[in-house]
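Here is the structure we will look at.
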Amino acid sequence: LGGGGGGGGGTGDGSDLDYSSSSSAGTLDGGGSSSGGGGGSDFLGGSAFLTYLFYQTIFAAIASFFVYLEPVSGGSGIPEIKCFLNGIDLPRVVRVKTLICKVVGVTFSVAAGLPVGKEGPMVHSGAVVAAGVSQGRSKLWGVDTSFSKFSDFRNDREKRDFVACGAAAGVTSAFGAPIGGILFSLEEGASYWSTKLTWRAFFCAMITLGTLFTVKNFDSWWGQANMEKLFSFGEFNSLTGDNANFSIWELSLFIMIGCLGGLIGAVFNAANEHLTIWRMKRVNYSKSRRFFEVILVSLGVSTISFVMPLVWNRCTELPNDMQDWSNQEKKLVEALVPFQCEAGKEYNEVASLIFTDADTAIKQLFHFREAGQDDSSTFSSAALFLFFLPYITMATVTYGIAVPSGLFVPSLLSGAAFGRLFGHLLHKLDHTSGTFADSGTYALMGAAAVLGGMARMTISLTVILLEATGDMQYVLPLMFTLMAARFTGNVFNEGLYDIHIKLKNIPFLEPEVPTIAEKHEIVAGQVMSTDVKCLRPVERAGVVYDLLRSCSHGTFPIVDTASSGTLYGTAGRSMLCTLLQRRAFGPPEDLNGYDEGGGCDILGPRRLSPLVQWDTIEKVYPRYPSIEDVEMRSGDRNCWLDLRPYANTAPYTVNETASIQRTYRLFRTLGLRFLCVVNHHNQVVGIVTRKDLLPESLSDSLMRGRNAHMNTTYGFS
């Protein structure tokens, strides 16, 4: 039963269900005649439907159970990885528990027949694996490679680069598209790119494809590889010798398909956005409600998927003259489902799209030839429409429930049905005289258009589809189609991943400066936060402890109070907690007026507290001690904590009169978490964080007309 229902997928071998001979399918046959009439009413109320419904619901419940254990494992995970690579440290996104729940959960959600894909979760899974590899150790398995080169990778910058490479590896493993995976990580994932990251991602994608190549051709070890296994969408061939499968003037039709796909994607995104907002108010606050929602959605999807072939109620004869057909096409014919039809002679068109796994259904829409006077040798126009509309509606409802789910496969499958339907209508207008390209070409353009309309990807999706098809003749049509889909969709709303990021109120910084900053003259002094919590280069341990307890800031400026707050450097929260936990402070001696406002000059070069090696501080990354782990004794409160050996004495700063455009680009390009704002005397007057640069915050600052750098007196604590 794995993979039955909703075209949700399966093992990908096209053999998940045999509706003519399996135990449950024996009842599915229902004794129906070639017309498909027969025992339809007994069939729906019989044991076959109830068995099918039971298994599908159980699989969906198991998938939801793993999301119940780890809520972060729900959905595709691509929005979360985008945020992680944007510099936002979301909790538990790259943990091993998340990986286990994601992998096992998506296995059951796909097997449950829900209109979901496994490609999106594979991107998330690859990112988690990469994040774990970058640490080089595991408490669960008792492995620690601190003695090796791995210790150099234990920091946020290297971890972020590894996660970007892992996302590329996930796309490579999902589609067999290494270059497309690298470009996906560049276009949709990483906010910060470098030459080093490029070759790292290339190396990672190369190893991933090499592993896939070895596994898929294991039966012919050291022999010639089977090229059909390299292309996840099957092998495309020219149908007219050396000529392309389309005419140059048909590029305008492909642009039209792109516009329609962008419109479909915009409707999909808008509907899913409103549904997600409703879920956030009524469902998502309770784990039990999310679980029961999955059960209800699964029951609905399974029922609709089972009823749709009954509504079609028609049997089509299998193609007879297949002498010049390729082995790939003959295998796809064997995967057609004889739902209430005579096995070996007939098949049900709608059931063949629903009850086979999604990968096979996509290949059928891409590769089946056109023949016959009515130009519907395999899937008629009515069957494609009957499948397309309910399926994309079910995908809209399903995306966002508490199961691991991807968007790629539902978009590609529904888009392929839409594109093939478009091709059929053109052929009927032409009376099958061969003026237009084959419907398989239009199916490919439709799949690209709908997916591009939902995700708004262009460069990476073009290369992914080219690598998945293995046919370079479609380069220009795909480029036109995807650009048209992106432009059309952007007229109405954003891509689905960006919509979900905003619905979760995550402070994601877009590549471009917000429009309000371009239209108005805003400076850093207007948007900065003036409530700055500062420390002195040498500070009382009790002062540091109380400051950490009173706020949750991640970094604190270190200023010289003798010169009215001249910036000395910055100190991170994790480092301060580690120093307090290790009691790395000196005795509470009198420092000759330092407490009365004396500067650093009176301290001299001598250290006033024991030195903790930097390797010792970073050894516990990323699980630094928190302030709750620190026990501050009453006798230690007046001890001195010398921060000078640990301070970052060259932090990034921006002048209070700097434009917000420059501030934004500096902040995002360098992947900063904060930015100190100073005046012309290098005195700290404020601090800019990620939230201060969001369009909403910029708008609020403009509305208030705040001019902090001129009218506010700054104090330090």
Side-chain angles (χ1 to χ4, degrees), residues 83-84 86-91 155-157 505-509 524-561 565-581 584-585 617-618 620-630 632 637 641-644 646-654 656 663-664 666-668 670-678 682-694 696-697 700-701 706 708 712 714-717:
C83 293
F84 186 90
N86 193 253
I88 304 169
D89 189 12
L90 298 178
N155 56 71
D156 290 339
R157 183 185 66 257
N505 294 320
I506 299 175
F508 184 86
L509 295 183
Q526 292 177 262
V527 302
M528 68 184 182
S529 173
T530 58
D531 184 22
V532 186
K533 305 295 184 182
C534 298
L535 294 168
R536 296 178 295 177
V538 179
E539 191 60 89
R540 299 281 187 184
V543 173
V544 177
Y545 178 80
D546 293 339
L547 180 61
L548 293 175
R549 296 283 297 185
S550 63
C551 67
S552 59
H553 299 171
T555 306
F556 302 90
I558 300 176
V559 299
D560 188 357
T561 54
T566 302
L567 181 63
Y568 180 88
T570 58
R573 185 183 189 88
S574 56
M575 182 264 290
L576 294 174
C577 290
T578 303
L579 295 178
L580 291 178
Q581 186 187 49
F585 30 75
I617 297 176
E618 292 296 319
V620 294
Y621 174 87
R623 295 179 176 85
Y624 295 108
S626 65
I627 192 61
E628 286 75 19
D629 300 326
V630 177
M632 178 58 64
R637 295 189 64 86
L641 181 60
D642 193 345
L643 301 177
R644 291 175 296 176
Y646 315 104
N648 175 16
T649 56
Y652 290 103
T653 61
V654 65
E656 59 182 340
T663 305
Y664 188 94
L666 178 66
F667 197 99
R668 190 183 189 279
L670 297 177
L672 305 179
R673 294 180 179 175
F674 71 98
L675 192 58
C676 291
V677 182
V678 297
N682 200 36
Q683 296 169 335
V684 178
V685 295
I687 195 166
V688 173
T689 62
R690 177 179 293 269
K691 292 183 179 180
D692 296 324
L693 297 176
L694 296 178
E696 299 81 11
S697 299
D700 291 342
S701 299
R706 192 168 84 185
T712 305
Y714 304 102
F716 300 93
S717 58

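These numbers come from the heavy atoms of this one structure, side chains and all, not from hydrogens, waters or symmetry mates. Positions are given from 1 along the sequence.
Between the CE atom in Met632 and the CZ atom in Arg549 there is a gap of 10.5 Å [rounded to 0.5 Å]. From Arg644, atom CZ reaches atom CD of Glu539 across 12.5 Å, with rounding to the nearest 0.5 Å. If you take NE2 on His553 and CZ on Arg573, they are separated by 9.0 Å, rounding to the nearest 0.5 Å. Here the CG atom belonging to Leu547 is positioned 9.0 Å from the CD1 atom belonging to Ile627, to the nearest 0.5 angstrom. Atom CG of Asp89 and atom SG of Cys83 lie 11.5 Å apart (nearest 0.5 Å). For the atom pair Ser701 OG and Gln526 CD, the distance stands at 7.5 Å (nearest 0.5 Å).
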Subject >> Derivation and outcome, side-chain contact (heavy atoms from CB on, under 4.5 Å), residues Tyr568 and Thr649 >> reply: CA-CA 6 Å; Tyr568 180 88; Thr649 56; 4.2 Å; yes
**OP:** Check the pair Tyr646 / Ile617 against side-chain contact (heavy atoms from CB on, under 4.5 Å), numbers first and verdict last.
**Re:** CA-CA 10 Å; Tyr646 315 104; Ile617 297 176; 4.1 Å; yes
**OP:** Could you check Phe84 against Leu90 for side-chain contact (heavy atoms from CB on, under 4.5 Å), going step by step and ending with a plain yes or no?
**Re:** CA-CA 7 Å; Phe84 186 90; Leu90 298 178; 5.7 Å; no
**OP:** Given side-chain contact (heavy atoms from CB on, under 4.5 Å), test Val538 with Leu641 step by step and report yes or no.
**Re:** CA-CA 6 Å; Val538 179; Leu641 181 60; over 6 Å; no
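In this structure, Leu693 and Leu509 have side chains that are in contact, with non-hydrogen atoms separated by less than 4.5 Å. Inter-residue side-chain proximity for Tyr621 and Asp156 is flagged as met; some heavy-atom pair is nearer than 4.5 Å. Put simply, the side chain of Pro651 reaches to within 4.5 Å of the side chain of Leu567, judged on heavy atoms. Side-chain contact between Leu675 and Leu672: present, with at least one pair of heavy atoms (C-beta onward) separated by less than 4.5 Å. Annotation: side chain of Leu580 is not in contact with side chain of Cys577 (no heavy-atom distance under 4.5 Å). Put simply, the side chain of Leu576 does not reach to within 4.5 Å of the side chain of Tyr545, judged on heavy atoms. A heavy-atom distance below 4.5 Å is not found between the side chains of Thr530 and Val685. Put simply, the side chain of Ile687 reaches to within 4.5 Å of the side chain of Phe674, judged on heavy atoms.
Here the closest heavy-atom approach between residue Val532 and residue Pro557 is recorded as CG1-CG, 3.8 Å. Nearest heavy atom pair, residue Ile88 against residue Pro507, reads CD1-O, 3.3 Å. Nearest approach of Val688 to Phe667, heavy atoms of both residues: O-CE1, 3.6 Å.
Side chains of Tyr624 and Gln581: a donor-acceptor N/O pair is absent below 3.5 angstrom, by distance only.
Although no hydrogens or angles enter the test, the distance criterion places a donor-acceptor pair under 3.5 Å between the side chain of Ser550 and the main chain of Asp546. For Ser697 (side chain) and Lys691 (main-chain N/O), a donor-acceptor pair under 3.5 Å exists by modelled atom type.
Taking a cutoff of 4.0 Å between a charged side-chain nitrogen and a carboxylate oxygen, Asp692 and Arg690 do not qualify as a salt bridge.
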